[in-house]
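What follows is one structure encoded as structure tokens, with my remarks underneath.
Each chain gets a letter, A, B and so on, in the order its sequence line appears, and its residues count up from 1. Here the structure is a predicted model, which is why all the values come from computation and not from measurement.
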Number of protein chains: 2
Amino acid sequence: MESMTTAHRRFKDSLYEQFARVGKAVAAPKRVELLDLLGQGSRTVEALAGLAAISVPNASQHLQVLRAARLVEARKRGLYVEYSLADDEVGHFVVTLRGLAAARLAEVEQITRAHFDGRGGPDAVAGDELIGRVRRGEVTVLDVQPAEEYRAGHFPRAVSIPIDELKARLKELPKDREVVAYRRGPYCVMAVEAVELLRQKGFTARRMELGVPNWRARGWRVATVRRGAGA
Amino acid sequence: MESMTTAHRRFKDSLYEQFARVGKAVAAPKRVELLDLLGQGSRTVEALAGLAAISVPNASQHLQVLRAARLVEARKRGLYVEYSLADDEVGHFVVTLRGLAAARLAEVEQITRAHFDGRGGPDAVAGDELIGRVRRGEVTVLDVQPAEEYRAGHFPRAVSIPIDELKARLKELPKDREVVAYRRGPYCVMAVEAVELLRQKGFTARRMELGVPNWRARGWRVATVRRGAGA
DNA sequence: TGAATATTCAACCGTACGCTTGAATAATGG
DNA sequence: CCATTATTCAAGCGTACGGTTGAATATTCA
């Protein structure tokens with residue numbers, strides 16, 4: 001019943017060895033962080049080292065590991081070396097990875113909750129107080145979930161820009177209004193990143209406390225029409 | 001500009017440490033293979049060890065690593081321990097992982113090509129000879145790509161069953177006819193697995209030589225209608 | 001109770017990994 | 001040409017990992 005020739009075994013072994021190459025690439029926390037940062041755009045080694053809070057040589061060799069796995073590409077620009085994701089698919093993979101971790105590892109929620117509980121919630125804004133300000137046009141609500149999830153239901157008047165497209169579509173957001181980002185679930189990992197990115201780019205940004213399912217639980221209206229945001 | 005408090009650093013570090021937990025889980029080739037096998041259904045430790053060609057204790061501790069990362073679950077059934085994927089999302093993640101490796105690592109294609117070139121192609125069937133036999137109803141053509149890719153274009157009269165649903169939907173395939181599976185691209189990793197699974201289950205199965213893009217290049221008709229296969 | 005069996009535990013070995021440190025290698029600018 | 005700067009190379013250190021081997025732990029069945 002089993003056609004388990006040794007040739008077939010060798011074939012499988014070398015195949016899975018390749019698959020594990022990309023697994024190894026995301027086996028180190030700092031490398032995942034680097035991929036995440038690169039998902040927001042190309043950066044130099046020094047910049048990445050600073051953002052990830054590691055030494056420059058350390059960042060360099062992490063990047064070389066990622067390059068060996070073909071997940072990032074290096075391009076020499078003058079005195080600097082600019083690293084970038086090798087492919088959009090890499091970004092999607094990292095998103096999938098984070099999503100799986102968030103879905104399966106209770107620790108992720110626990111850690112995020114502890115962090116924001118400790119700091120009270122200086123950048124968290126309750127949906128209740130928000131809904132009125134949105135009506136008055138004082139604030140832009142940003143949905144950073146994947147487009148499908150947005151379509152399944154979102155905050156009234158929210159603009160949909162998935163987290164991995166945010167960098168490229170920043171110009172769609174008005175700079176003069178505060179931006180409130182949200183993501184599904186009580187621990188909004190993506191929203192945190194979105195807020196950080198927005199602040200880096202000069203926006204006034206906060207994150208929303210609760211996600212879509214919670215609104216439903218509260219009986220809020222959940223729109224299904226797509227609005228704002230072009231391209 | 002950077003609100004890089006040490007608290008925030010610690011938060012990020014512990015968060016990415018969690019993400020890397022699932023990275024570490026797929027950093028070993030044999031663990032990826034085990035996940036792949038479990039994607040086809042629950043199995044005992046001994047069965048997995050046999051299929052992956054490793055010792056039972058080795059399989060056991062690999063499975064414990066996967067269990068620590070919450071990717072698999074163990075359920076005691078009598079004298080055996082039955083392992084299974086903890087969630088469908090895990091299966092999707094593995095598919096994404098394989099897909100990324102296949103897309104980015106030329107070695108994957110090279111290895112697969114070398115394997116099937118060496119063995120001639122005993123289980124490979126050319127699309128040319130196939131198209132007539134399909135018309136005559138002598139053979140079932142199986143599209144194991146994700147449903148979206150199927151919708152984007154597929155072999156005439158092909159039945160769509162994504163590889164990760166194949167196990168559950170086997171009964172949709174007629175057992176009396178030969179099954180020819182295919183996947184996009186010249187190296188059909190998924191197709192190979194599908195063929196193996198089908199043969200295990202008593203089907204007569206082969207894989208198709210070329211994928212959708214190649215048909216287009218050859219000017220074949222590529223249908224867009226969904227046919228066959230229910231739920 | 002006791003034999004049989006599936007799985008896990010525990011100790012061990014060689015290697016690879018992540019990180020640091022200090023020197024070497026490009027590329028730019030005076 | 002030399003100083004400067006960004007990056008990489010190279011060596012070293014402690015730890016963790018993948019795998020083997022043999023014993024210990026359940027659970028079933030007689």
Residues which pass salt bridge (charged side-chain N to carboxylate O under 4.0 Å, His left out) with A:Asp13, listed by chain and number, not counting sequence neighbours: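 Salt bridge (charged side-chain N to carboxylate O under 4.0 Å, His left out) list for A:Asp13, sorted by chain: A:Arg9, B:Lys30.
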From [atom1] of [X] over to [atom2] of [N], roughly how many Å is that when rounded to an integer?
X       : N      : atom1 : atom2 : answer
A:Tyr83 : D:dT7  : OH    : P     : 9 Å
B:Lys24 : D:dC17 : NZ    : P     : 6 Å
B:Glu17 : C:dC19 : CD    : C1'   : 15 Å
A:Glu33 : C:dG18 : CD    : P     : 15 Å
A:Arg43 : D:dT7  : CZ    : C1'   : 18 Å
A:Arg75 : C:dA27 : CZ    : C1'   : 17 Å

All N/O contacts under 3.5 Å from nucleotides 24-30 of chain D to the protein, with atom names and distances to one decimal?
none

Cationic N near anionic O, under 4.0 Å, A:Glu17 to A:Lys12: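 Not counted as a salt bridge, because no side-chain N and carboxylate O are separated by less than 4.0 Å.
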Residue-level proximity of residues 57-74 of chain A to DNA chain D when a heavy atom falls under 4.0 Å: A:Pro57, A:Ser60, A:Gln64
Watson-Crick or G-U pairs under 3.5 Å in DNA chain D, rendered as dot-bracket with [ ] for crossing pairs and | for another strand: ||||||||||||||||||||||||||||||
Sub-4.5 Å side-chain heavy-atom contact between A:Val90 and A:Val72: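 In short, these two side chains do not touch, never coming nearer than 4.5 Å.
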Residue list, side-chain hydrogen bond (donor to acceptor under 3.5 Å, both in side chains) with B:Gln64, at least two apart or on another chain: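 In terms of side-chain hydrogen bond (donor to acceptor under 3.5 Å, both in side chains), with neighbours along the sequence ignored, B:Gln64 is linked to B:Ser60.
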Residues in side-chain hydrogen bond (donor to acceptor under 3.5 Å, both in side chains) contact with A:Gln61, at least two apart in sequence or another chain: none
